[in-house]
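Predicted model only: the values in this text are computed from it and were never measured. Side chains are part of it too, since the values below use all heavy atoms of this structure and drop only hydrogens, waters and symmetry mates. We count residues from 1, following the sequence as given.
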Amino acid sequence: MSLKSALRFTFLGVAVALIAWAIYASWDQFLAAIESMTWPSVVTAFLTCLLALGVNALSWRAVMRSVGFGATITESLRVFLLSQVGKYIPGSVWPVLAQAEFARDHGVNRSSAMTGSIVAMVVGVVTSGVVGCVGLVAAAPATLSTYWWVLLVTLGLAACLAPPILHRIAGLALRVAKRDQQPARIRGGALLESILWSLLMWLLLGFQAWMLLRDLAPAASFAIAAGAFAFAWLVGFLVVVAPAGIGAREAALVLALANVVEPAQALSLAVISRVLMTAADAAGLAIGLTLGGRPRSSPRAPASGAGQH
């Protein structure tokens, strides 16, 4: 076994162990919380999480194709599903590093692959903030006079998706990673496709949260569920010391749903959603391991004209 293969197996082994630990650590809370839920809602929420994971892979692939990643959808799913479990390792950088490493098997050099993964990550973060802000304000328009700054935050996040700003963010991230190369430029069409897939992902995740929330508060709107969940995920992501945002995401969801359900109920929803999403990640990893791929023999730079905006 080569050193590269050994490192990849180690990475996957550590990720699997941490996924198992995340489920084990929440299992008693999950069993207690699920008593207030109906099984159709729980099963639907889990399947929606799994579908959202696939949609997220398509958002990532849209950007990666712009930097020379020519893999098929099946191969792209394999790379994404295997690498995305890196989020369970403390520090938000691991999925990016893993995606870049696995993408090299398909002819993309490390810097270009990192650029694509960084941009895809920024797209996910920004769209979560936009959906979170819009959803929460739409669910409670009266709060706009008090929380007017939320709209400014939304506009600021959306501005990060402008190609020149996005290029600077990618360049900064590469410098932090001690990569001297200039980031590849992402085509405008690829960026737009990635954004649309990402928005669909957050709507799907909002739907899974709504399915669970309806069992606790039947009158709760889709907007409040989607907005609260996206906001909570963003908080969990920003707290980089917590693997996959554990703890921070739950606290943020309780805060966002304070006017809809009791804190204990919001925490129950957060725990159930956490376990379901972790189970979906585990299922995604299993699916990724079953998918075959035909990697290229050596990394290459983006094709001529690719990555030009």
Side-chain angles (χ1 to χ4, degrees), residues 15-58 77 81 84-85 87-88 128 131-132 135-136 139 200-233 235-236 243-290:
V16 168
L18 291 174
I19 288 176
W21 173 255
I23 294 178
Y24 172 78
S26 303
W27 191 247
D28 290 340
Q29 291 178 303
F30 174 76
L31 292 179
I34 207 170
E35 293 180 358
S36 58
M37 301 289 177
T38 61
W39 279 107
S41 296
V42 174
V43 172
T44 300
F46 168 73
L47 294 177
T48 304
C49 288
L50 194 56
L51 177 60
L53 186 60
V55 171
N56 194 19
L58 295 177
L77 282 172
L81 293 175
Q84 60 90 30
V85 294
K87 64 190 176 186
Y88 289 91
S128 74
V131 170
L136 292 176
L200 176 58
M201 177 195 70
W202 287 115
L203 292 178
L204 286 171
L205 291 176
F207 178 77
Q208 68 87 25
W210 185 48
M211 291 299 298
L212 299 174
L213 183 60
R214 289 196 312 167
D215 284 347
L216 301 173
S221 67
F222 171 78
I224 187 65
F229 186 86
F231 166 75
W233 182 92
V235 171
I246 293 176
R249 184 186 299 172
E250 284 78 0
L253 192 61
V254 169
L255 177 64
L257 294 176
N259 295 327
V260 181
V261 293
E262 296 295 325
Q265 292 177 308
L267 183 59
S268 294
L269 187 153
V271 169
I272 294 174
S273 180
R274 159 75 63 184
V275 172
L276 293 181
M277 290 190 68
T278 304
D281 287 334
L285 176 60
I287 292 172
L289 290 171
T290 65

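- By the side-chain contact (heavy atoms from CB on, under 4.5 Å) test, Thr38 pairs with Pro40, Ser41, Asp215, sequence neighbours left out.
- When every heavy atom of Ser36 is checked against every heavy atom of Leu216, the shortest pair comes out as OG-CD2, 3.7 Å.
- Sorted by first and then second residue, the ring-ring contact (aromatic ring centres under 6.0 Å, His included) pairs with a member in residues 27-58 read Trp27-Phe30; sequence neighbours excluded.
- Scanning all heavy atoms of the two residues, the minimum distance from Leu77 to Ala57 falls at CD2-CB, 3.6 Å.
- A distance of 11.5 Å separates CH2 of Trp210 from OG1 of Thr48, quoted to the nearest 0.5 Å.
- Of all heavy-atom pairs spanning Ala45 and Leu276, the tightest one is CB-CD1, 3.7 Å.
- Using a 4.5 Å cut-off on side-chain heavy atoms (C-beta onward), Leu200 and Leu204 make contact.
- Residues Ala226 and Val131 approach most closely at O-CG1, 4.1 Å, considering heavy atoms.
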Without placing hydrogens or testing angles, list every side-chain donor-acceptor pair under 3.5 Å for residues 262-273, not counting sequence neighbours.
residue: Gln265; atom: OE1; partner: Glu262; partner atom: N; Å: 3.1
residue: Ser268; atom: OG; partner: Ala264; partner atom: O; Å: 3.0
residue: Ser273; atom: OG; partner: Gln208; partner atom: NE2; Å: 3.2

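- Residue pairs meeting the salt bridge (charged side-chain N to carboxylate O under 4.0 Å, His left out) criterion with at least one partner in residues 276-287, sequence neighbours excluded, are Lys87-Asp281.
- We find the CG-CG distance between Leu257 and Leu136 to be 8.5 Å, quoted to the nearest 0.5 Å.
- Applying the salt bridge (charged side-chain N to carboxylate O under 4.0 Å, His left out) test to pairs two or more places apart or on separate chains, none has a residue in residues 36-49.
- Remark: Trp233 engages Trp202, Phe237 in a ring-ring contact (aromatic ring centres under 6.0 Å, His included) (not counting sequence neighbours).
- Pairing each heavy atom of Leu213 with each of Ala225, the nearest pair is CD2-CB, 3.9 Å.
- Across every non-hydrogen atom of Leu53 and Gly284, the tightest pair is CD2-CA, 4.0 Å.
- Separation of atoms CG (Leu285) and CG (Leu81) is listed at 8.0 Å; rounding is to 0.5 Å.
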Take Leu203 and Phe222 through the test side-chain contact (heavy atoms from CB on, under 4.5 Å) and record every step on the way to the result. CA-CA 9 Å; Leu203 292 178; Phe222 171 78; 4.2 Å; yes
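- Annotation: the span from Ile34 atom CD1 to Leu212 atom CG amounts to 9.0 Å, rounded to 0.5 Å.
- Distance CD/Gln84 to CG/Asn56: 8.0 Å, rounded to 0.5 Å.
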